[in-house]
Amino acid sequence: MGDNAISYGSMLVLSLLLLLPPLAKGCDMFTGQWMKDPSYPLYDPSTCPFIRREFACKKNGRPDLDYPTFRWQPQGCKLAWFNGVDFLQKNRGKKMMFPKSMAVFDMYAPLFCSQVSLYYDHIRHYLNLHIPVEIKFDRNPYLVDIVSEKIGSVMKLDSINDGKNWLGMDTLIFNTWHWWSRKSWDYIQIGRNFTKDMDRMAAFEIALGTWGKWVDTVSIFQGISPSHYNGSLWGEPAAHSCAGQTEPLWGTSYPGGLPPEVGVLKRALGKITKPVTLLDITMLSLLRKDGHPSIYGIGGRTGNDCSHWCLSGVPDTWNEILYNYML
């Protein structure tokens, strides 16, 4: 099956089937605030083999350990805890794929960590079940094609031949944007026209339009995952990055507002004729200036990563919300 796919068909645990109260109809899962909760994190990252070194902040020496202990509390309702057995049961016999950038491997990895924790934490109380589910990761940071031609690397804004890798999936969870600020091509092509570069927001919107024409199955679009490099945006002008941040922003809003790419994304999704569910995780993630690896990522003190996320941490909430959509 390859090292980018994992199938679950082994002994799974039934001891977590009791959930929090059912999610209220019409609940806005994306407006709320972060609260300290002693029951978090929901898994021990040291026991999970899927966490890459750059996201293992505790293992990399991060001394403050409150960042994984916050729970997202929507206004007016409660999220059901992520239940690994129930998640697999709801996707029994199905294929799920994450076509997205490595930046959002943050979401893909903890989905597996929750399954591992579910088994090891309750191994004495298991019942032998066979729940076949196939979950794949397809690294495609732009969604549209980048191909090698005689003139060099060409981004084709109106082409998604890579979409053949997504065929046959029951559920697709897309994401893009993180890499759009970086130039990973020599030329951009639209139709027969070539240019060395163009306004990235405009290119992003064209690519989303091309992707929107391709969508033909149950699709979920994970919203923009924000970075924290400018303290002025969260009311701390002296901070030039997320380094040293140890707690979330308290409250329901972010002083700097939403980044402009969120508006581009929502406008593009509004033009798609087939329904796409948006996991609008940007605001809740903006409130977590403390959740990044900073100097406790793979680059150490020279890296200062304020765009990816520590695991366990904020991406676990993204998965909780994904799970609640499936209830």
Side-chain angles (χ1 to χ4, degrees), residues 1-6 52 95-109 134-225 227 259-279 281-282 307-308:
M1 213 182 323
D3 58 9
N4 68 336
I6 294 183
R52 294 167 62 94
K95 296 179 180 180
M96 179 182 297
M97 178 178 278
F98 290 71
K100 51 179 62 181
S101 72
M102 188 59 71
V104 199
F105 187 83
D106 277 339
M107 183 179 183
Y108 177 79
E134 188 171 315
I135 304 177
K136 292 185 175 183
F137 174 81
D138 179 39
R139 188 173 187 271
N140 188 324
Y142 304 103
L143 298 183
V144 292
D145 296 330
I146 295 185
V147 300
S148 294
E149 298 189 354
K150 290 182 179 180
I151 58 173
S153 178
V154 179
M155 173 186 277
K156 296 178 176 286
L157 288 182
D158 52 6
S159 172
I160 303 188
N161 287 325
D162 273 357
K164 64 181 182 293
N165 297 328
W166 313 335
L167 297 175
M169 296 295 115
D170 297 291
T171 303
L172 290 162
I173 303 173
F174 292 95
N175 172 269
T176 186
W177 173 251
H178 184 85
W179 279 79
W180 282 88
S181 61
R182 313 179 192 189
K183 192 172 187 290
S184 303
W185 58 83
D186 298 308
Y187 291 91
I188 292 175
Q189 181 181 358
I190 308 175
R192 296 183 179 181
N193 299 316
F194 291 82
T195 180
K196 287 196 170 183
D197 209 350
M198 63 181 291
D199 179 84
R200 302 296 173 79
M201 287 287 185
F204 177 54
E205 188 162 9
I206 293 171
L208 288 172
T210 300
W211 166 79
K213 296 173 184 176
W214 181 93
V215 172
D216 65 349
T217 189
V218 176
S219 297
I220 297 169
F221 201 102
Q222 183 199 309
I224 305 296
S225 175
S227 59
E261 54 268 22
V262 174
V264 173
L265 172 61
K266 290 184 176 181
R267 184 166 62 246
L269 293 181
K271 297 176 182 178
I272 297 175
T273 55
K274 295 185 179 179
V276 177
T277 298
L278 173 63
L279 290 184
I281 52 87
T282 307
S307 62
H308 297 91

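Since we're looking at a predicted model, the values are computed, not measured. Quick note: numbers below take in every heavy atom, side chains included, and nothing from hydrogens, waters or symmetry partners.
Between the side chain of N175 and the backbone N or O of Q222 there is at least one donor-acceptor pair closer than 3.5 Å. No donor-acceptor distance shorter than 3.5 angstrom exists from the side chain of D145 to the backbone of V147, with no hydrogens or angles considered. Side chain of E261 to backbone of G263: no donor-acceptor contact under 3.5 angstrom is found. At distances below 3.5 Å, at least one donor-acceptor pair connects side-chain atoms of T210 with backbone N or O atoms of I206.
Residues passing the salt bridge (charged side-chain N to carboxylate O under 4.0 Å, His left out) test with K271, sequence neighbours excluded: E205. Residues meeting the salt bridge (charged side-chain N to carboxylate O under 4.0 Å, His left out) test with K95, sequence neighbours left out: none. By the side chain to side chain donor-acceptor pair (under 3.5 Å) test, T277 is found to be paired with no residue, residues two or more places apart in sequence or in another chain being considered. Listed by chain and number, the residues in a side chain to side chain donor-acceptor pair (under 3.5 Å) with D158 amount to none (sequence neighbours excluded). In this structure W180 satisfies the side chain to side chain donor-acceptor pair (under 3.5 Å) test together with T176, sequence neighbours excluded. Under the ring pair (Phe, Tyr, Trp, His ring centres under 6.0 Å) criterion, W166 pairs with F174, W214, not counting sequence neighbours. Scored by the side-chain contact (heavy atoms from CB on, under 4.5 Å) test, N193 finds no partners at all (sequence neighbours excluded). When the side-chain contact (heavy atoms from CB on, under 4.5 Å) test is applied to V262, the partners found at least two apart in sequence or on another chain are I224, L258, P259, K266, T282. The side chain to side chain donor-acceptor pair (under 3.5 Å) check on W211 picks up nothing, with sequence neighbours excluded.
Note that the CE atom of M97 and the CG atom of L167 stand 9.5 Å from one another [nearest 0.5 Å]. Y187 OH to M155 CE: the interatomic distance, rounded to the nearest 0.5 Å, is 15.5 Å. Taken to the nearest 0.5 Å, the OG atom of S307 stands 4.0 Å off from the NE2 atom of H178. Annotation: the span from M169 atom CE to K136 atom NZ amounts to 4.5 Å, rounded to 0.5 Å. If you take CG on L279 and CD1 on I173, they are separated by 7.0 Å, rounding to the nearest 0.5 Å. With rounding to the nearest 0.5 Å, the separation of CG in L269 from CZ in F221 is 6.5 Å.
Evaluated for a side-chain contact (heavy atoms from CB on, under 4.5 Å) with D138, the options N165, D162, L172 yield exactly one hit, N165.
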For a side-chain contact (heavy atoms from CB on, under 4.5 Å) check, start with the C-alpha distance between K156 and I190, then their side-chain angles and the critical distance, and finish with the verdict.
CA-CA 6 Å; K156 296 178 176 286; I190 308 175; over 6 Å; no
Show the numbers, then the answer: is there a side-chain contact (heavy atoms from CB on, under 4.5 Å) between I146 and V154?
CA-CA 5 Å; I146 295 185; V154 179; over 6 Å; no
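Residues L265 and W177 are not in side-chain contact: their nearest non-hydrogen atoms beyond the backbone lie 4.5 Å or more apart.
Across every non-hydrogen atom of M201 and P260, the tightest pair is CE-CG, 3.6 Å. Counting all heavy atoms, side chain and backbone alike, L143 lies closest to N140 at N-OD1, 2.7 Å.
Pairs engaging residues 179-196 under the salt bridge (charged side-chain N to carboxylate O under 4.0 Å, His left out) rule: none recorded [sequence neighbours left out].
Here Y142 and W179 keep their ring centres 6.0 angstrom or further from each other.
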